[in-house]
Amino acid sequence: MKDKVTIHTLKRLKQSGQKICMVTAYDATFARILDEGGADVLLVGDSLGMVIQGQDSTLPVTMDQMVYHSAAVSRGAKRAHVVGDLPFMSYQVSPQEAVRNAGRLVSEGNVGSVKLEGGAEFADTVRAIVRASIPVMGHLGLTPQSVHKMGGYVVQGRDEDAARRMLDDALALEAAGAYALVLEGVPLELARTITQSLKIPTIGIGAGKHCDGQVLVCYDLLGMNPDFKPKFVKRFANLHGNITEAANTYFSEVRAGTFPDEDHSFKATKGIRLVTPTPVVPDAEGAGEAAEKVGGIYGAPV
């Protein structure tokens, strides 16, 4: 196994020009598969609210749920660095509350770092978490926890003023101690400018090729939801079709009685003699005595 990826590994990858591969994971099985596939970073995203729970947004996701899924992913990952999202209202109230919740993701979820959304307004929060020896990944652009403020899931930073604010936010997060930055739903020209302006790596999703790395939701890149077709997603497989076909075949064989066959059934190592029990119907007074006489193999009377 290659050396464990750390936040320092990611910084060296940026310096060397090697792209960082990041993907979401929500359970141990997917974490193990993606880790073996070569992921540098596994993100336990609060996107699980939509992908796993079927919610309309990430807003209902709780700290307890993030801790649960983070712990599962951490158990499945061997090489990849695991980062856990701080969910809605787990860090916005105060830096102290943010440190407490970030600590839960590390101590209970066993992640190597945490991620939070927002710009310069959360610089003090980032500083507080980093001061507690917990690495922080920032997140700018299309920030799903601010969906109501943005008026939907729309590309951010398209005009000059908005682009300038995002660059300032990125610099503020770096100065506050963030070790990396996700850029989501950002014009590729702006993403390039931000990436070139920072010493820390940027990881894009819908932000073009100039970022230091890329992240996609695992269910999206594997083609598990044919109805979800955002511009920035490329499907590298069609697991929806493969899984549906496999399930249909399984159901057909069960209904036809062809599964399980002998190859998928167990056999005894030697002959077993089963005695068909004779039903005992005791009267009320002899119920206890009759119960004591029932035993042996498969309930045969003794």
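Since this is a predicted model, take the numbers as computed values, not measurements.
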If I take atom [atom1] from residue [X] and atom [atom2] from residue [Y], how far apart are they, to the nearest 0.5 angstrom?
X	Y	atom1	atom2	result
Leu173	Asp168	CG	CG	11.0 Å
Gln96	Thr125	CD	OG1	8.5 Å
Leu34	Cys218	CG	SG	6.0 Å
Leu190	Ile194	CG	CD1	4.0 Å
Asp35	His81	CG	NE2	13.0 Å
Asn248	Glu253	CG	CD	11.5 Å

What residues form a salt bridge (charged side-chain N to carboxylate O under 4.0 Å, His left out) with [X], not counting sequence neighbours?
X	result
Arg127	Asp124
Arg100	Glu97
Asp85	Lys115

Determine, using the 4.5 Å side-chain heavy-atom cutoff (strictly less than), whether [X] and [Y] are members of one ILVMFWY cluster.
X	Y	result
Met63	Phe88	no
Leu171	Met137	yes
Val99	Val93	no
Leu13	Ile205	yes
Val217	Val155	no

Out of [options], which residue meets the side chain to side chain contact (heavy atoms under 4.5 Å, CB included) rule with [X]?
X	options	answer
Val82	Leu105, Leu43, Asn110, Val73	Val73
Ser113	Ile134, Val130, Val83	Val83
Glu117	Leu142, Thr143, Leu86	Thr143

Within 6.0 Å of [atom1] in [X], more than 12 heavy atoms from elsewhere:
X	atom1	answer
Glu245	CD	no
Tyr250	OH	no
Glu121	CD	yes
Phe232	CZ	yes

Donor-acceptor pair, [X] side chain versus [Y] backbone, under 3.5 Å?
X	Y	answer
Asp64	Val67	no
Asp40	Met22	no
Gln92	Ala98	no
Asp220	Val233	no
Lys199	Gln15	no
Gln156	Val154	yes
Glu174	Ile200	yes

Stepwise salt bridge (charged side-chain N to carboxylate O under 4.0 Å, His left out) test for Arg165 and Asp161:
CA-CA 6 Å; Arg165 287 195 299 271; Asp161 289 342; 5.2 Å; no
Is any side-chain heavy atom of Leu140 closer than 4.5 Å to a side-chain heavy atom of Val186?
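Sidechains of Val186 and Leu140: no contact.
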Go through the steps to decide whether Arg79 and Asp3 satisfy the test salt bridge (charged side-chain N to carboxylate O under 4.0 Å, His left out), and finish with yes or no.
CA-CA 6 Å; Arg79 172 185 172 271; Asp3 292 338; over 6 Å; no
Quick one, Leu42 with Val23, criterion side-chain contact (heavy atoms from CB on, under 4.5 Å). Give me CA distance, side-chain angles, the key distance, then yes/no.
CA-CA 5 Å; Leu42 294 177; Val23 63; 3.7 Å; yes
Using every non-hydrogen atom in the two residues, find where [X] and [Y] come nearest and quote the distance to one decimal.
X	Y	value
Gly84	Ser70	CA-OG, 4.3 Å
Ala39	Ala80	O-CB, 3.4 Å
Ala191	Ala207	CB-O, 3.1 Å
Pro187	Gly157	CG-O, 3.7 Å
Asp46	Met66	CA-SD, 3.9 Å
Gly45	Tyr26	O-CE2, 3.5 Å

Side chains of Thr9 and Thr6: donor-acceptor distance under 3.5 Å anywhere?
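Yes, Thr6 and Thr9 have a side-chain donor paired with an acceptor closer than 3.5 Å.
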Taking atom types as modelled, find out whether Tyr219 and Thr24 have a side-chain donor-acceptor pair closer than 3.5 angstrom.
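No, no side-chain donor-acceptor pair sits under 3.5 Å.
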Restricting to pairs with a member in residues 49-60, which pass side-chain hydrogen bond (donor to acceptor under 3.5 Å, both in side chains), not counting sequence neighbours?
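side-chain hydrogen bond (donor to acceptor under 3.5 Å, both in side chains) check on residues 49-60 returns Gln53-Gln65.
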Sorted by first residue and then second, give each side-chain hydrogen bond (donor to acceptor under 3.5 Å, both in side chains) pair with at least one member in residues 222-242; sequence neighbours left out.
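Output for this query is empty, none listed.
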Any chance you could pull the hydrophobic cluster mates of Leu188, using side-chain heavy atoms under 4.5 angstrom and chaining through other members?
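Same cluster as Leu188: nobody, lone residue.
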Salt bridge (charged side-chain N to carboxylate O under 4.0 Å, His left out) between Asp212 and Lys14, worked out
CA-CA 6 Å; Asp212 297 305; Lys14 176 183 175 78; 2.7 Å; yes
Starting from the C-alpha separation in whole Å, work towards a yes-or-no answer on side-chain contact (heavy atoms from CB on, under 4.5 Å) for Lys11 and His8.
CA-CA 5 Å; Lys11 183 177 181 180; His8 303 294; 5.5 Å; no
Evaluate the criterion side-chain contact (heavy atoms from CB on, under 4.5 Å) for residue pair Gln145 and His139; output intermediate values, then yes/no.
CA-CA 11 Å; Gln145 292 180 19; His139 186 157; over 6 Å; no
Would Gln196 and His210 satisfy side-chain contact (heavy atoms from CB on, under 4.5 Å), going step by step from the backbone distance to the final call?
CA-CA 9 Å; Gln196 293 173 345; His210 301 295; over 6 Å; no
